[in-house]
Structures are given as C-alpha cells and as structure tokens.
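Read through the structure below, which is laid out as structure tokens, and then see the notes.
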Amino acid sequence: MSIEHEIEAVVAKAIVEAQGTGALPVFDLPDVTIERPRDMSFGDYATPTAMKLARLARMAPLKIAQAIVDHLELPDFLIEATVAPPGFINLRLAEAWLQQQVAVILDEGMDYGRFPRGAGQKAQIECVSANPTGPIHICRIRGGVMGDTLARAMKAAGYDVTLEYYYNDAGRQITILGESTQIRYQQLLGQDVALSDEHYQGEYITDIARELLAKYSDALLDKPASFFGDYAKEQISQSQKDSLGRINIVFDVYYNERSLYESGRLQEALATLEKRGYVYEKENAKWFKSTEFGDDKDRVLVKATGEPTYRMPDIAYHYHKAQRGFDIVVDIFGPDHHATAPQVLMGVEALGYDPSFVRTVLHQIVYLIRDGQQVKMSTRAGQFVTLDELVDEVGADPIRYFMISRSGNSPVEFDMDLALEKSDKNPVYYIQNAHVRCAGIFRKWAEAGFDPNADEGADLSLLTHEMELNFLRKALALTAVLEKIIVTSEPHHIAFYAYELAAAFHPVYEASRVLHSEVPEPLRLARLRFYRAAKQLFARVLDLMGMSAPEVM
RNA sequence: GCCCCUGUAGCUCAGAGGAUAGAGCGUCGGCCUCCGAAGCCGGAAGCCCAGGUUCGAGUCCUGGCAGGGGCACCA
C-alpha cells in the first residue's frame, strides 16, 4: 500500500474516533484524500478533509481539523500533525523513518514501489495493432510505448498483464500488398508492369521482391498475388516484431483477424447481434443500429459484397476479449481511430456485456523533428523514417522516453537533435546521468582499493542533509505515481517523475560528497549507502520506462 | 453540420476540486585546486473570453472565440 493510503486510513480512523467521543457529530465518512502540500514547509503530506466535512459536520473547518488531530494516532512514520488555516491538516514524516528508506530501496530492489492493487486481476493492454503492410508508423510506436509502459506499471501493481497486438492478415490491404510485391518481382525480372497509386510504393517492397528473386529466381512468375501477399506479410510482421523488440516492447499475444473467421467467433458475434435485434438490412448491406447506443448514424457491419467492414471483426475481437475474462482491458488508439473507438464499445454493449471493463486511451500525433524541421511521412508513398532507422540514429532510450514525455492528449514533438544531445538539455541524459554518477562513485571507490561492500551496515541516521532527505521523499512517491498511472491510464507521469527524481538527485551529488578527503568515515559509509540506494532506484525507474541504466555514457 | 483533443511564461509542456500555479528550452546573472560542469545555484516572465456550480475553479458545467484531428459499404 502506498504511504498515502496508509495516511488516509489513519485519518479516517481518527475521524471515527472523534465521532465516538462526541468531538465530531456522526455522519457517513466521505473519502479522505491525501496530497503533497505545495510548500514543503507545511509538511510532507496534507489533507483537506476537514474542509470537505464542514457542511456535513456543521462545524468550522479549523475546529474539525483540530478534533481530527486530537484523535490522531500517529503511526511510526509520522512525527507531527498540525492544523493550518483554512482547515488543512499537515503531516510530517519522521526523519529516522525516511532515512530507513535507503535500506528499503536496497532490500526491495527492482520490486521497490510495488503495491497489490491489481492482485488476482487479469488485465489486457492492446496497442500498436498495425497491419503487416509496411513499417510501423511513428504514431503507432507512441501507442506501443504508452501501452508497454502502462503494462510495466500494472505489473508493479500485481496485475496479470497481457500485452496484445491485433492485426489484419487478410482482406484488401494484404491483397494490395501481394500485388505490390508481385509487380516489383516482375519488374526485377524485366517485365513491363507498373504499380498503381493504390499500391505500396516503399522501397521495402522491392527489398522483399529482391529476396524472393534471390531465393527462387524466376520460379514464382506463375504464382498468384496471394502467394506474394502471404510471404510479404510474414516478412513484414517479423521485422515489426524485431523492431519493437529493439525498444523493449515484446507482445505476449499477436492476435490475428483471420482467426476470428476460422474460429467462428465473428459469425457468432454477428448472429448474436442479429438475435438481439441490433442488425437490419438495407441496400443489401447489414447495418448495426449504433444509434441506439448514442451514435449519430448507423454503421455498416457487412457490405453489399458480403464482406464484413473492419468494424465487424473489431467488435468480434472485443466480444472475445469479454469472453476471455479480463477484469480490465485497455485499448490504445491513435488519432486516426478516435472516432471508431466508441463504436466498438457500442458493439460490446449490444452483445450484452457491460463495456465498462474496456478503457479506451486516446493519444495525439507525433511530429518528427530533424534540424528544426518537421519530417513529413506517408506510408503508402514510401516516405517515412522507420523505427529501425530511428533506433540506429538515436538509440532506444530516447524513443522510449520522448514517446511518454507528454500526456496522450498533447502531441509529441520528437526532436532527433535533442535526442542525441549529450547534456542536461536532454532529459534522457539528465536522468541516466544520475545513474552514471552513482556508478562512478562505486567505480572510483573500488579502484582506490577499498572494500566494495564497506557501506553494509552503515549508520543511516547520519544522512541528515536536507537534500538527501528530499531525494528520499521523492523516492517514496513512486508508488503513488504508479497508482496514478493506472487510475488515469496516463503513463506520462512516470517520465515526469523520473525527471523530478533526477532533479532531486543532482543537487545531492553536488553537495553531499563521498570520496572527498575531509568526509569523516562513518558519514562516508552512510553516503555510500545512500548512493547505492539512489543507483538502485534509478535502475528501477528506468526499467519501469523500458530504458537502460548505463554505468557509463 | 456533427464528434474528439487542445488553449497555462517568448517557445514546448506538467498540474488526482484545495494553501503563494510548476518544469524544461530560451533569456539575464553566479558556481569547477578532489566522486562525470554530461552538473549546480539564483532572477525576470503566465492560467483564451463570459457566465455558472462550490466554503474553495487552471481543474467541473454551459456558451463563445481560436488551433489540431476525425466524421467510408478503407483500416
């Protein structure tokens, strides 16, 4: 449990106690909220509960606050509770307990900040879900990083998380892919054929055709376009997986649309919708009465040609998600899917499920900036920067960081020049440098011939520097940050947290020296312990972001 | 026309209904004889407009204004 929740419980208990002694009138307890005061001088935590209770209790907020404080049983981690106008209760952490966080961080290691919110719950996060027709667009990569980061937070909260990628491996797009590859293949063999505007123009198609030529020479000339489509699809899908792996995104499940047909789930979903009376025929097409769920017009499920629209498998897929028993499903959609997301939920509802287990997370576009200019991209026209190129150019860490460095509701400007910058201007370096600086201390310490584990059992009560304590206060906030990410489905909070943690660290590093000659020995060892914990914490936080924690840069 | 997102410092953005609205970049000014200055410290500078809800609104509601995205029997 986060410390905030522990404090909530303590305050709630005090209110009940106060009601028991008659210091407060009896009323139903509303939620107690705990926050960090703006001004640190007020304390470490605060609650505005007394002000919220004023109406219920018909008392002055200050009096309520005082009554609560009078009945407060301070746990060992709190040293002081005070009342401040207009009715805040401010709470202060015990310094000795704070110092012990160093030991806790080292004890818990890569589990630091864990909490059991999701224990026993199955969660699914769906993201990227790009079709295997070309390199993944940078916007989808954003969704992927958001999804993976959210998955890491949810795992820290004990959820059993399935990271899932849904893709269309049948239908029109694959047909066009096959034709494009076939035409390139024929061209390589000197035939006079040309791509139409509809075909994929990218160089990667020619690469695949070249591969086929090398493997099979001209033996494929009589193969149908579908052969080329299947081959290209496999190649592209594999390279998508490889590319995503390079930025530490590994999906647990690749769910393909074709399986919805093969398993009969799509047909079943459609039949169920029909049975429930949400489907009608018009102009030879089957329409979904989405207006009954608030849509502004009904939508086609099955075209006049007999082919389902993309909407039908989407609904069937979510039908299956519901059947698979996930307690929480998170769908991450880019700007091109904002409008269709609600329709899927309407489908789920029409199928008889409460759609509230599905949370849709929307995000805005990504602009790629190079030399101060926006790089224009178009998949079909073959103009794009691929994920591989991006990784080659700036590395995985900046991609991971910048993709979650903004709220999903804001666009991301991915500045490749900034990503490469090796200075405090680049938040990626700024954060990782904190880890590097810690590593440097231990490297120097070992090089000087000292016992590398000399800090074991150090006296942590010597860590009295205000900046050290500030860093530990920040460390303590990790659980609350993770919880906020899960509650709001907004993974960007971890990026801001990491930066703030680094910003709390660097002043310590400047002020609280370890290896300098004038530092007394017990203090040196305590500080060494502190930096060991700091290093561990940065490794933990970087891992939560899917980033590396380098020893040197 | 309808739907979604966004208007916070010169720029890019945080801000879970609470106290004096926070960062980064830029700008101005300080700090290296010992662990990475790849860093630290300090200054100036801001909530689109109008109503409403609330003890309390950057935050919630309504209406404007402005910008972005989307409204296919494409995915």
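Throughout, protein chains are lettered first and strands after them, A, B, ... in sequence-line order, and every chain is numbered starting at 1.
For A:Asp296, whose side chain is taken as the heavy atoms from C-beta onward, the closest listed nucleotide among B:C4, B:C74, B:C2 is B:C2. Of the candidate nucleotides B:A75, B:C35, B:G69, B:G69 has the atom lying nearest to any side-chain atom of A:Pro335. The side chain of A:Glu490 has B:G15 as its nearest neighbour among B:G15, B:A37, B:C35. Of the candidate nucleotides B:C71, B:C35, B:C41, B:C41 has the atom lying nearest to any side-chain atom of A:Pro507. Closest approach to the A:Thr340 side chain among B:A75, B:G18, B:A16 is made by B:A75 (side chain taken as heavy atoms from C-beta onward). Closest to the side chain of A:Arg406, from the set B:U12, B:C40, B:C73, is B:U12. The side chain of A:Glu483 lies closest to B:A16 when the candidates are B:C35, B:C73, B:A16. Side-chain proximity of A:Lys297 to the nucleotides B:A75, B:A19, B:A72 is greatest for B:A72. Listed nucleotides: B:C73, B:C34, B:U6. Nearest to the side chain of A:Ser517: B:C34.
Contact annotation: A:Lys425 side-chain N/O to B:G26 OP1/OP2 distance is under 4.0 Å. For B:A14, the OP1/OP2 oxygens have a side-chain nitrogen or oxygen of A:Ser410 closer than 4.0 Å. Residue A:Lys52 places none of its side-chain N or O atoms closer than 4.0 Å to OP1 or OP2 of B:U54.
Here, B:U12 and B:C2 have their C1' atoms 32 Å apart, quoted to the whole Å. Straight-line distance between the C1' atoms of B:G7 and B:G15: roughly 15 Å, to the nearest whole Å. Separation of the C1' atoms belonging to B:G63 and B:A21 is 26 Å when rounded to the nearest angstrom. Spacing of P atoms, B:C49 relative to B:A44, comes out at 23 Å, to the nearest Å. Rounded to whole Å, the C1' atom of B:U53 lies 45 Å from the corresponding atom of B:C74. B:A45 and B:C34 have their C1' atoms separated by 39 Å, with the value rounded to a whole Å. Rounded to whole Å, the separation between the P atoms of B:U6 and B:A16 comes to 12 Å.
Across the strands present, B:C34 finds no partner; the criterion is a Watson-Crick or G-U wobble pair with both atom distances under 3.5 angstrom. B:C71 and B:G1 make up a base pair, with Watson-Crick or G-U wobble contacts both under 3.5 Å. Pair check for B:G58 finds none; no Watson-Crick or G-U wobble contact set falls under 3.5 Å. The partner of B:G63 is B:C49, judged by Watson-Crick or G-U wobble contacts that both fall below 3.5 Å. Under the Watson-Crick or G-U wobble criterion, with both distances below 3.5 Å, B:G42 is paired with B:C28. Under the Watson-Crick or G-U wobble criterion, with both distances below 3.5 Å, B:G17 has no partner in any strand shown. Nucleotide B:A9: unpaired (no Watson-Crick or G-U wobble partner with both distances less than 3.5 Å).
Salt bridge status for A:Glu274 with A:Lys286: present, with a side-chain N to carboxylate O gap under 4.0 Å. Using a 4.0 Å cut-off between a side-chain N of Lys or Arg and a carboxylate O of Asp or Glu, A:Lys484 and A:Glu490 do not qualify as a salt bridge. Residues A:Arg473 and A:Asp44 are paired through a salt bridge, judged by an N-O separation under 4.0 Å between the basic side chain and the carboxylate.
When the P atom of B:A19 is taken as reference, atom CZ of A:Arg38 falls 4 Å away, rounded to whole Å. Between the CD1 atom of A:Ile369 and the P atom of B:U12 there is a distance of 11 Å, given to the nearest Å. A:Tyr310 places its OH atom 14 Å from the P atom of B:G70, with the value rounded to the nearest Å. Between A:Phe505 atom CZ and B:A37 atom P there is a gap of 11 Å when expressed in whole angstrom units. As rounded to whole Å, 18 Å separates atom P of B:U54 from atom CG of A:Leu53. For the pair A:Asp415 CG and B:C11 P, the computed distance is 17 Å after rounding to whole Å. Atoms CZ (A:Arg36) and C1' (B:A16) sit 14 Å apart, rounded to a whole Å. The interatomic distance linking A:His338 (NE2) with B:U6 (P) rounds to 10 Å, in whole Å.
Positionally, the nearest nucleotide of RNA chain B for A:Gly440 lies more toward the 5' end than for the other of A:Glu510 and A:Gly440.
Relative to the six-membered ring of A:Tyr45, A:Arg36 meets both conditions, a distance below 6.0 Å and an angle of at most 45° to the axis.
Looking at A:Glu307, its side chain has no donor and acceptor atom pair within 3.5 Å of the base of B:C73. Not a single donor-acceptor pair, N or O on each side, falls under 3.5 Å between the base of B:A16 and the side chain of A:Asp31. The base of B:C73 is paired with the side chain of A:Glu283 by a donor and an acceptor separated by under 3.5 Å.
An aromatic stacking contact links A:His516 with the base of B:C34, defined here by ring centres under 5.5 Å apart and ring planes under 30° from parallel. With centres under 5.5 Å and a plane angle under 30°, the ring of A:Phe42 is stacked against the base of B:A19.
Test A:Glu198, A:Glu179, A:Glu307 against A:Arg172 for salt bridge (charged side-chain N to carboxylate O under 4.0 Å, His left out) and you get one pass: A:Glu198.
Aromatic ring orientation, A:Tyr165 versus A:Phe251: perpendicular (interplanar angle above 60°, classes split at 30° and 60°).
Using a 90° window around 0 for the glycosidic torsion, B:C31 falls outside it and is classed as anti.
Proximity of A:Leu418 to A:Ile369: side-chain heavy atoms (C-beta onward) are nowhere separated by under 4.5 Å. Counting only heavy atoms from C-beta outward, the side chains of A:Val128 and A:His137 never approach each other to under 4.5 Å.
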